[in-house]
Amino acid sequence: MDALRHELRAAYASLDATVTQYLVSEGFGDATVNHFSQCFSANVGTGKLHRGLATLYIGKQLAKNEVSEEQSKQLSVLAWLVEMLGAHYLILDDIMDDSTTRRGEPCWYRQPQIGLMAINDACILKSTIFFLLKTFFRQHPAYTNMVDLFVDNGLHTELGQLCDLAAAREPDIANFTMEQYWAIVKDKSSYSISGPVTLALEYWQLATPKNLRQTRDFSVALGEYFQVNDDYVDVFGDYAVTGKHGTDIQDNKCTWFIIEALSRANDAQRQRLLEGYGKKDASRVDEVKQVFAELGLQQAFGAYEEQQRARIEGIIAAVDESEGLKRGVFRALFDGFRKGRQNDSWKETGRASPRIAHSLDVPSVMAKISSISLLDVRHGTDLQTIHPRIFGPLKKEKRTAKRTEKEPKKKADYISIIFNIGKARCGGRTRNLEISCTRKSLTLYRLS
């Protein structure tokens with residue numbers, strides 16, 4: 001994968017130079033050229049490249065013969081175009097969701113001197129996709145089909161986003177249905193998954209009706225799996241790991257969790273959900289999360305994962321390779337997603353995770369440590385006594401605690417506890433998971 005990443009990085013510089021040269025040739029000044037480069041770098045060049053790497057990998061895997069240097073360059077360009085389309089939607093999605101951070105940095109529209117100019121920047125990125133398609137693929141036999149693919153994927157993604165935003169305006173969340181949710185997911189998420197595969201099929205002229213149907217079936221199933229995982233991360237994920245603060249509860253989003261919660265809640269819990277969901281107040285958000293915990297939604301999520309995983313495994317096993325599609329590309333996409341998103345060991349056993357940190361439920365935690373004052377937490381405190389469910393599996397491992405004086409005048413207001421995670425669990429090296437303790441919260445928030 002490192003070799004593919006190197007190829008993509010080499011192509012990135014070429015694309016940036018191509019667009020810059022075009023802007024200069026059209027008479028645009030330094031301010032415009034520099035702004036584009038800044039936008040391109042911040043929004044396209046800083047991502048994890050999951051979809052771009054997938055596009056390049058699949059493109060090479062589907063080749064009937066050895067891939068030439070020129071073909072490899074073209075596949076790298078297509079990979080960056082997929083990344084650009086994703087960046088276009090992330091900029092707009094952050095604005096519509098009033099998000100604050102992306103990848104650990106302020107969202108593009110919240111950057112100094114950017115503001116709502118970010119809307120136009122997103123439009124420029126999308127238009128640049130078609131400019132680069134024309135520049136690099138006009139003579140390719142599948143040029144028209146590739147243009148159509150970006151148009152169609154864009155349209156369906158936007159329609160899915162429309163349905164998502166319209167659902168968030170529903171004044172009574174009791175009207176949310178699972179059928180409505182899956183319809184939103186089908187357009188909002190699955191097309192971003194099918195894009196890399198379909199693009200590679202078009203490039204090699206393997207986009208037969210059978211191959212496209214199989215790709216669609218797989219993408220819908222993985223898109224559902226992806227979106228429910230995304231919903232989980234929004235509610236239970238940790239900012240230090242995800243780089244993004246979850247807002248689904250505040251934004252009144254139609255998610256798997258709220259629909260599942262409403263189907264399980266008793267009258268009292270249902271009332272708490274109706275009163276707290278869609279409210280910006282932090283205490284209301286915490287109340288909703290508390291109900292989610294009471295209803296065992298993390299366990300329900302684990303059960304859904306297993307069921308959907310089996311469904312996807314079945315689709316992969318049934319792939320017909322007679323027309324050039326390879327089940328290995330679906331397997332790579334699924335395994336790559338699970339590696340980057342899932343964390344079964346954390347959710348099921350409470351063991352520490354290098355992928356998703358776990359926000360502890362403050363009321364239940366405080367109840368468990370009611371016999372221990374935060375002032376009594378000192379270096380060497382046995383974390384087993386603080387939260388047995390989380391730290392129990394680590395009983396035989398080294399555990400240490402230390403005080404961090406963030407505010408010298410209020411030493412007791414902030415305490416940081418650190419414990420070690422064994423080398424066997426973290427790729428051969430010891431890692432630390434840190435907990436911040438204040439008088440109002442106890443949260444796992446950093447892995448180093």
Side-chain angles (χ1 to χ4, degrees), residues 1-8 11 47-86 137 140-142 145-146 148-150 152-153 156-157 185-186 189-227 229 305 308-342:
M1 196 61 73
D2 287 342
L4 294 180
R5 192 178 296 274
H6 178 74
E7 283 190 55
L8 281 185
K48 296 178 181 178
L49 305 182
H50 288 161
R51 291 179 178 83
L53 287 169
T55 303
L56 181 56
Y57 172 81
I58 294 168
K60 293 194 172 191
Q61 289 297 307
L62 293 182
K64 295 179 180 179
N65 304 304
E66 184 177 353
V67 178
S68 69
E69 182 178 350
E70 179 60 26
Q71 289 170 333
S72 185
K73 289 180 179 178
Q74 288 186 327
L75 289 171
S76 294
V77 170
L78 290 177
W80 279 114
L81 299 188
V82 171
E83 287 289 324
M84 290 171 67
L85 186 63
F137 298 98
H140 193 282
N145 287 349
M146 288 191 286
D148 288 345
L149 177 62
F150 277 100
D152 291 344
N153 281 4
H156 279 279
T157 300
V185 171
K186 182 179 179 181
S189 298
S190 63
Y191 278 87
S192 65
I193 295 169
S194 65
V197 182
T198 308
L199 197 56
L201 289 171
E202 292 287 4
Y203 180 82
W204 295 116
Q205 296 181 273
L206 297 172
T208 64
K210 179 186 290 184
N211 287 345
L212 292 177
R213 175 183 55 77
Q214 294 185 106
T215 298
R216 183 65 181 147
D217 291 344
F218 169 78
S219 299
V220 169
L222 185 57
E224 292 172 354
Y225 190 77
F226 175 92
Q227 188 59 54
N229 268 268
E305 275 193 311
Q308 190 69 356
R309 180 195 60 77
R311 177 188 171 199
I312 295 171
E313 294 279 6
I315 292 174
I316 294 173
V319 168
D320 184 341
E321 298 182 326
S322 63
E323 296 182 3
L325 182 61
K326 298 178 181 179
R327 66 176 58 90
V329 301
F330 289 170
R331 166 58 59 193
L333 278 174
F334 186 38
D335 289 347
F337 169 76
R338 295 182 74 196
K339 181 179 179 181
R341 288 280 189 164
Q342 276 192 301

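With sequence neighbours excluded, no residue forms a side-chain hydrogen bond (donor to acceptor under 3.5 Å, both in side chains) with Gln61. With sequence neighbours left out, Glu66 forms a side chain to side chain contact (heavy atoms under 4.5 Å, CB included) with no residue at all. In this structure Lys326 satisfies the salt bridge (Lys or Arg N to Asp or Glu O under 4.0 Å) test with no other residue, sequence neighbours excluded. Not counting sequence neighbours, the partners of Arg213 by the side chain to side chain contact (heavy atoms under 4.5 Å, CB included) test are Lys210, Asp217. For the side-chain hydrogen bond (donor to acceptor under 3.5 Å, both in side chains) test, residues two or more places apart in sequence or in another chain that qualify with Arg331 are Glu313, Asp335. Under the side-chain hydrogen bond (donor to acceptor under 3.5 Å, both in side chains) criterion, Glu321 pairs with no residue, sequence neighbours left out. A search for side-chain hydrogen bond (donor to acceptor under 3.5 Å, both in side chains) contacts involving Glu202 returns Asn145, not counting sequence neighbours. Contacts of Arg216 classified as side chain to side chain contact (heavy atoms under 4.5 Å, CB included), with partners at least two apart in sequence or in another chain: Lys186, Ser190, Tyr191, Val220. Residues passing the side chain to side chain contact (heavy atoms under 4.5 Å, CB included) test with Ala11, sequence neighbours excluded: Ser76, Trp80.
Residue Arg5 holds its CZ atom at 10.5 Å from NZ of Lys48, rounded to the nearest 0.5 Å. Residue Thr215 holds its OG1 atom at 12.0 Å from CG of Leu222, rounded to the nearest 0.5 Å. The CD atom of Gln205 sits 10.0 Å away from the OH atom of Tyr203 when rounded to the nearest 0.5 Å. Once rounded to the nearest 0.5 Å, the distance linking OG of Ser194 with CG of Leu149 reads 7.0 Å. Remark: Leu201 CG to Thr208 OG1 distance equals 7.5 Å, nearest 0.5 Å. Within the model, atoms OG1 of Thr55 and CG of Leu8 stand 8.5 Å from one another, a figure rounded to the nearest 0.5 Å.
Between Met146 and Leu81, every side-chain heavy-atom pair lies at or beyond the 4.5 Å cut-off. By the 4.5 Å heavy-atom criterion applied to side chains, Tyr57 and Leu333 are not counted as neighbours. Within the 4.5 Å cutoff, side-chain heavy atoms of Phe137 are placed close to those of Gln74.
Among pairs with a residue in residues 49-61, those fulfilling salt bridge (charged side-chain N to carboxylate O under 4.0 Å, His left out) read Glu7-Lys60, at least two apart in sequence or across chains.
The nearest pair of heavy atoms linking Trp204 to Gly59 is NE1-O, 2.6 Å. Here the shortest heavy-atom pairing between Tyr225 and Arg309 reads CE1-N, 4.1 Å. When every heavy atom of Ile315 is checked against every heavy atom of Ala221, the shortest pair comes out as CD1-CB, 3.7 Å. Closest approach of Leu56 and Ser72 over heavy atoms only: CD1-O, 4.2 Å.
A ring-centre distance under 6.0 Å is not found for Phe334 and Phe218.
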| Can you list the steps and then say if Leu325 with Leu206 is a side chain to side chain contact (heavy atoms under 4.5 Å, CB included)? | CA-CA 8 Å; Leu325 182 61; Leu206 297 172; over 6 Å; no

| request: Please assess Asn229 against Glu305 for the test side chain to side chain contact (heavy atoms under 4.5 Å, CB included), listing each intermediate value before the final yes or no. | output: CA-CA 8 Å; Asn229 268 268; Glu305 275 193 311; 3.2 Å; yes

| Checking side chain to side chain contact (heavy atoms under 4.5 Å, CB included) for the pair Phe150/Leu199: CA distance, chi angles, key distance, verdict? | CA-CA 9 Å; Phe150 277 100; Leu199 197 56; 3.9 Å; yes

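Looking only at distances, no side-chain donor or acceptor of Asn211 sits under 3.5 Å from a matching main-chain atom of Ala207.
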